[in-house]
Peer 1: 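Structure provided below as structure tokens; questions to follow.
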Protein chains: 2
Amino acid sequence: MSGQGDSTESGPVGVMNATERGEAEFLRRYDASVYEKPAFTVDLVLFTVRDEHLHALLVQRAEHPFKGCWALPGGFLDPRRDDSVDACAARKLVEETGVRAPYLEQLKTYGSCDRDPRGWTATTVYFALMASDSVRLLGNQEDARWVRVQGDGVGFALAFDHTRILADAVERLRSKLEYTHIAVHLLPEEFTLPELQRTYEIILQQPLDKSSFRRRVMQADMLEELAGRQRDGSGRPAQLYRFRDYDRQTFFPRSISRHAR
Amino acid sequence: MSGQGDSTESGPVGVMNATERGEAEFLRRYDASVYEKPAFTVDLVLFTVRDEHLHALLVQRAEHPFKGCWALPGGFLDPRRDDSVDACAARKLVEETGVRAPYLEQLKTYGSCDRDPRGWTATTVYFALMASDSVRLLGNQEDARWVRVQGDGVGFALAFDHTRILADAVERLRSKLEYTHIAVHLLPEEFTLPELQRTYEIILQQPLDKSSFRRRVMQADMLEELAGRQRDGSGRPAQLYRFRDYDRQTFFPRSISRHAR
DNA sequence: CAAATAGTGTCTATAAGACATTATCAA
DNA sequence: TTGATAATGTCTTATAGACACTATTTG
């Protein structure tokens, strides 16, 4: 971003000034193990919409602690395999679902001495959105299941502080839905406007006005009209669209009112 | 929240079922040290407004790595002293500034094998807002200084990935200013509407319409009118207000346009 | 009085909500 | 044709932007 190079950061290749010699010496002697470290994990809140409901992926814990309890998928970060926290989240996502690159966003980090009976742990939580038809659960000997989300959770307590984490993720999802287009990541590549609107209605838990919804989406100029049309039982078939740019994060100019009637 | 108690989570006091006996046994044998852990730090982006400019607190590093470079204040989390990541951030804030409880919010966690030459580290970054007159820098043998923020940074490269982190924090601050009232935390307890508006203009880097601004703020019903009035050189003195509820996080119904003229 | 700053009133543009109307399909 | 759903049109309402105007102080 800003940053015209600061001379203390790195000198010409092959030449070391006094500061750099000092740093090289320091690093040679440095022993990371002298510091006490909390355990560090990465957990995932995976969302999808199916059967007219928002679902989150939960796994039943095969081992202690909380053996038998349902929990968010995730686990220890492995510094030898994971070059970054983001990479660790992506790895766990693939291991769990086989999905390559849906929408994946860091939610928050939860860390304390009492959230895990084994001691001080910190977990960085990511939430991901995916089309339900894109997923084939891989379930590494864990029992993984899509569980319906109602209100701010699944209706029963989860392991660790995962009940709270799931509630935070649901709130973030609802909140972002009002001013971004992330809901497209819950649909297959080709979808219709009524399907997109239905997705919003399911997650926000309220009906939206068709005309206003279409106006918003079209004004944002995010969708590309496709050749085909989609039939869905009776009635006029709907126009197919695809999201124009799955990488760019786009925003609505105004938020969808959650108080609409 | 949701959560009617799940029977696997905890049984009656003093009685253990098979699952609980298994868990107790597991925990007795559990040795946390077998897992390789990344180093875990907490860093702070402290913002204040003074001399008509946004400033961030930076410290000059006394030790390797990046000795002599400017960096965000922060450091290793100490599991023996810090009961949670939040508590660690609060502790470091007090150690650095002596300020008790201004606005403190978790920004994001950055972790990778290459952000620190000592090896794999993760840092959870918080950003804080405070009134510049409330701060007396304590500077534990470190050289701490308020540095003017222009654009998305301070104009020179910081240690580690702190240039990027600062840019993210500035963006988040600007973004949140548009739909929340957090700017009040940059002012002393008693302030005037022109002062509040000026704070917004300084951070958003654009003039705002006086009438629209006042309308927004008053409609949000966040401010309490105080008895006194404040004189500030020439002209009509301005009404003093105080923020009604420093705990509650409140929101504007609509965002302040960043495209205003 | 003028200058300066605080605070109010009012018009307009824009976008959302509500809802009626038209379009296109199957049976 | 009817029934169903998609898509469009239009009127109303809410709010932000623009800017003129009034209010209150000092010198």
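The shown structure was predicted, so the numbers you read here are calculated from the model rather than taken from an experiment. The analysis underlying the following values was restricted to heavy atoms, covering all of them including side chains, and did not include hydrogens, waters or symmetry mates. Within every chain, numbering begins at 1; the chains are lettered A, B, ... in the order of the sequence lines, protein sequences first and strands thereafter.
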Peer 1: Separation of Leu204(A) atom CG from dA16(C) atom P, in whole Å?
Peer 2: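 Between P of dA16(C) and CG of Leu204(A): 15 Å.
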Peer 1: Could you list the residues that satisfy salt bridge (Lys or Arg N to Asp or Glu O under 4.0 Å) with Glu52(B), not counting sequence neighbours?
Peer 2: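 By the salt bridge (Lys or Arg N to Asp or Glu O under 4.0 Å) rule, Glu52(B) matches Arg198(B).
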Peer 1: Looking only at heavy atoms, which two atoms of Val149(A) and His55(A) are closest? And how far apart?
Peer 2: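 Answer, listing the atom of Val149(A) first, then His55(A): CG2-C, 4.1 Å.
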Peer 1: Would Arg91(A) and Glu95(A) pass as an ion pair if we require N to O under 4.0 Å?
Peer 2: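 Salt bridge present between Arg91(A) and Glu95(A).
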Peer 1: To the nearest Å, how far apart are Arg215(A) CZ and dA18(C) P?
Peer 2: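 Whole-Å distance recorded here is 11 Å.
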Peer 1: Provide, to the nearest angstrom, the distance between the CD atom belonging to Gln197(B) and the C1' atom belonging to dA6(C).
Peer 2: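 That distance rounds to 11 Å.
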Peer 1: Have Glu105(B) and Tyr103(B) got a donor and an acceptor in their side chains that come within less than 3.5 Å?
Peer 2: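 Indeed, the side chains of Glu105(B) and Tyr103(B) share at least one donor-acceptor pair under 3.5 Å.
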Peer 1: Using whole Å, report how far OH of Tyr200(B) lies from P of dG17(D).
Peer 2: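 That distance rounds to 13 Å.
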Peer 1: If I take atom CG in residue Leu193(A) and atom P in nucleotide dA7(D), what distance separates them, rounded to the nearest angstrom?
Peer 2: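 Value for this atom pair: 6 Å.
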Peer 1: Please list, chain by chain and in numerical order, all residues satisfying salt bridge (Lys or Arg N to Asp or Glu O under 4.0 Å) with Asp86(A), sequence neighbours excluded.
Peer 2: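 Testing Asp86(A) for salt bridge (Lys or Arg N to Asp or Glu O under 4.0 Å), a comparison that skips the adjacent residues, returns none.
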Peer 1: Going by atom types alone, do His53(B) and Arg148(B) pair a side-chain donor with an acceptor below 3.5 Å?
Peer 2: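 A donor-acceptor contact under 3.5 Å links the two side chains.
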Peer 1: For nucleotides 19-27 of chain D, just jot down a letter per nucleotide in 5' to 3' order: B, S or -, based on protein non-hydrogen atoms under 4.0 Å.
Peer 2: B---BBBS-
Peer 1: Can you tell me how far C1' of dT5(C) sits from CZ of Arg198(B), to the nearest Å?
Peer 2: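 My rounded result for the distance is 14 Å.
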Peer 1: Rounding to a whole Å, what distance do you find between Leu208(B):CG and dA16(D):P?
Peer 2: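 So the CG-P distance, Leu208(B) to dA16(D), works out to 13 Å.
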Peer 1: Quick one: Gln230(A) CD to dA6(D) P, roughly how many Å, whole number?
Peer 2: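 So the CD-P distance, Gln230(A) to dA6(D), works out to 10 Å.
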